[in-house]
Each structure stands twice: as structure tokens, then as C-alpha cells.
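A quick write-up on the structure given underneath.
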Amino acid sequence: MKSLIVLLGPTGVGKTELSLTIAEHYESPIISCDSRQIYKRIPVGTAAPTPEQLSRIKHYFIEILELTDYFSASRFEEETISLLSTLYQAKDTIVMTGGSMMYIDAICKGIDEIPTIDEKLRRDLFDQYQQEGIDPIRNQLKILDPDFYRQVDLKNHKRVIHALEICLMTGKPYSSLRTNSIKKRPFNIIKIGLKRDREELYSLINQRVDLMMKQGLLDEAKQVYHLRNLNSLNTVGYKELFKYFDGEWTLDFAIEKIKQNSRIYSRKQMTWFKKDTEMQWFHPSQAKEIMEYLNKMI
RNA sequence: GGUGCCAUAGCUCAGUUGGUAGAGCAACGGACUGAAAAUCCGUGUGUCCCUAGUUCGAUUCUUGGUGGCACCA
């Protein structure tokens, strides 16, 4: 039986180091599940695996995209599922790790088949939103997909715009394409969740931001400052330093904000993960217990 | 030392013509199906600095303290 070990947890909890231990034990490569480490040029601020760590184990989806490249949870699903079918020809156990909630679910549960939005349509609707506000877009959605209109968070412009994009693109109501069905995978999924007490996690996150600054985050951010409008750089660690470059914030304030936003992000991740009943939770120091648990499950 | 001003939520402050109080930020909780480190939503009991008084009733008025700030010496 083929197995996928999914190691997850909030940012800063200690996934990277433990994933190497597990991967080495099973002689598995590591599939990264991280929507920002996948990009080139921002390894420090995204806490990507170091060159030393990358040399120990073959990693997938680390620093492979240009910041300008489009990517999505669905592409991640497609590419990972196809990669897994290749890897499983030679291995029985594969390790996946990361903190991007939707990417993880895309693999473990799958997401619905929906066409990728045409770039021009997306830009046009966004322009309309900026000029006329959300109301005209809402009204159009109400006509094209009354069902979804009723359930969507009408204040969340991204959701509303996206639903309308799908309606216009496919000529069908967005809700008719949302099946919410869970895809059966041809492999066994074992989820390991890492968690720490909040105080401990916060302290590690704060320390890690200071470390990133020592490792050259400021310079890294400067190098990509001119690309600041890209979605790939709407990212904790960069958006705050961009405000410093703009002269809006002092450097110290920006660093405090990076720490704060990282803490908030870790909480959002935990909110998502908590709901997952398949998860087996451990403290990162329990490597021995984790290995015992895995050996039992595989 | 004298005079004046201030003292309200973790922070910055508003307010109560006397009927025990509210914003922003922070903090916390939640949603999440192709941009997700994104985007959005929800939650405010706090000795209204302490003390004594006036009053049916004081955080609000008065007395005396304490602390801070400013000016004068």
C-alpha cells in the first residue's frame, strides 16, 4: 500500500527540520506544500529550506517559479498528483510538508474542476471593482448565480468577483460547478500535526523574524521591491518592508508588524487545522513518538 | 516651592447637562474550493487614580491626597 505522510502545522513550529528526519528514515523525497516557498528570490523571508537542507533530501516545489508566474491550489493539485504517481513507482512512502492550508486540502481532498480564469477577464472585473465598487458585480452575480449569491460572504470582494468570473467564463452558475465532493486518492494519507503552546510558538516566531533580518531579509526585499504589486509578494515579511521603503513606516515598526502578522497567520492556520479530525497531534520534540506512530500506520 | 492642566479598556483617546461608559489600534474567536502568507467576518466589565463629602444615586460636582505634564520661581 502506498502512503503519503503529511506533516503540517503553523508557521515557525518546526516542520522543516522534522520533515528531513522523517524523509531520511523512509528514504523519501519531500513535497513542499507552501504557496510562497515555491517562488524564487524570496527564500529568507519565506523560511525556505536552506541549501544544506536541500542537499540532504530531494525537494519538490521549492524555488521553482518566477515571482511573475501564475500558480494556484488547483495547479498544485494537478502537478502533485501526477508527480506522486511517478514517485510511487519506485517508493511506497512519500513525505509532504508545508503550511498552506488550501494546498494541503487540494491534495488530501481534491478541489472541483473549474476552468482557470482568463487574465483579461480577471483584470477587467478588478478594474470595474476599483472604479465602481462591489455593488455592480454583486448585482450581476445575483442574476447569474442566485444560489451562490445567497451563501457567499458578500463583503469579501475576492470571493464575489471570483464567482462572477466563473459564471461569465463558463456560462454556468458557479454553484453548479461546486460539487464539494472528496476525491478518493490511490494512496493512504497519514496526517501529522505539529503544535506548540502559544507562548512558545510566538516566541519562536519573533526570534525567527529577527534571524531573518540578520540573514538579509531587508536586502532580499529591496531586490524585489519593484515587483511589489505581484500577488506572490503580497506576503508577510515583504509587504511590511515595502511600507518602510515607501517611507510610511520606520524599520523597527515594520519588523514589529512582520512579527505580529506572522503570529496572526499562525493562528489562522491553527483555526483551519483544528477542524481536521484526521490529524494526529504532536509536539515537535516528540520525534520518537512520531516515528513510532508512523511505523504503526504504514 | 507656586500656579495651571491631565489621570477612563493592553495602548491612544472620546464621553456621561450626576442614572456605573465607547471608538481606533492591539488582543482573541471564526469563515475559507483555482490570488490562500490572500481575502473577509465577529467579540469591548473596565476598581472611569485614591480618599472624604454633597446627593436617592458620583466615573461625572466639591475637599484632601498621589502620579504625570507645562509654565513661573
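Each chain gets a letter, A, B and so on, in the order its sequence line appears, and its residues count up from 1.
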Pairs counted as Watson-Crick or G-U wobble with both distances under 3.5 Å: what dot-bracket string results for RNA chain B, using | for bases tied to another strand?
(((((((..((((.....[..)))).(((((.......))))).....((.((..]....)).))))))))).
Nearest whole Å is fine: how far is B/A35 P from A/L65 CG?
14 Å
By salt bridge (charged side-chain N to carboxylate O under 4.0 Å, His left out), A/K257 pairs with (sequence neighbours left out) none
With sequence neighbours excluded, tell me which residues meet side-chain contact (heavy atoms from CB on, under 4.5 Å) with A/T68.
A/E66, A/L230
List the residues meeting salt bridge (charged side-chain N to carboxylate O under 4.0 Å, His left out) with A/R208, not counting sequence neighbours, and say none if there are none.
none
Nearest whole Å is fine: how far is B/C32 C1' from A/Q269 CD?
14 Å
Would you tabulate the nitrogen or oxygen pairs shorter than 3.5 Å linking the protein to nucleotides 40-44 of chain B?
unit_1	atom_1	unit_2	atom_2	d
B/C40	O4'	A/N156	ND2	3.2
B/C40	O2'	A/D153	OD1	3.4
B/C40	O2'	A/D153	OD2	2.4

Nucleic acid contacts of residues 160-179 of chain A, taken as heavy-atom distances under 4.0 Å to RNA chain B:
A/H162, A/Y174, A/R178
Check whether A/D112 reaches the backbone of A/T179 with its side chain - one donor and one acceptor, N or O, closer than 3.5 Å.
yes
Where along residues 227-238 of chain A does a heavy atom fall under 4.0 Å from RNA chain B?
A/N231, A/N234, A/T235, A/V236
Residues from residues 253-262 of chain A sitting under 4.0 Å of RNA chain B, heavy atoms only?
A/K257, A/Q260
Which residue pairs pass the side-chain hydrogen bond (donor to acceptor under 3.5 Å, both in side chains) test with at least one member in residues 216-225 of chain A, sequence neighbours excluded?
A/E220-A/Y238, A/Y225-A/D246
Side-chain donor-acceptor pairs of residues 291-298 of chain A under 3.5 Å, sequence neighbours excluded:
unit_1	atom_1	unit_2	atom_2	d
A/N295	OD1	A/Y26	OH	3.1
A/N295	ND2	A/M291	O	3.2

Using only atom types and a distance under 3.5 Å, with no angle test, would you say the side chain of A/S28 pairs donor to acceptor with the backbone of A/A23?
no
Trace of the salt bridge (charged side-chain N to carboxylate O under 4.0 Å, His left out) decision for A/E27 with A/K91:
CA-CA 8 Å; A/E27 297 180 344; A/K91 310 254 178 214; 5.1 Å; no
C1' spacing across the pair B/G2 / B/C61, given as an integer number of angstrom
26 Å
List in chain and number order the residues that pass salt bridge (charged side-chain N to carboxylate O under 4.0 Å, His left out) with A/D153, two or more places apart in sequence or in another chain; answer none if no residue qualifies.
none
Mind listing the side-chain donor-acceptor pairs of residues 130-143 of chain A below 3.5 Å, one per line with the distance, residues two or more places apart or on another chain?
unit_1	atom_1	unit_2	atom_2	d
A/E132	OE1	A/Q128	NE2	3.4
A/D135	OD1	A/R138	NH1	3.4
A/R138	NE	A/L154	O	3.0
A/R138	NH2	A/L154	O	2.9
A/N139	ND2	A/D135	O	3.3

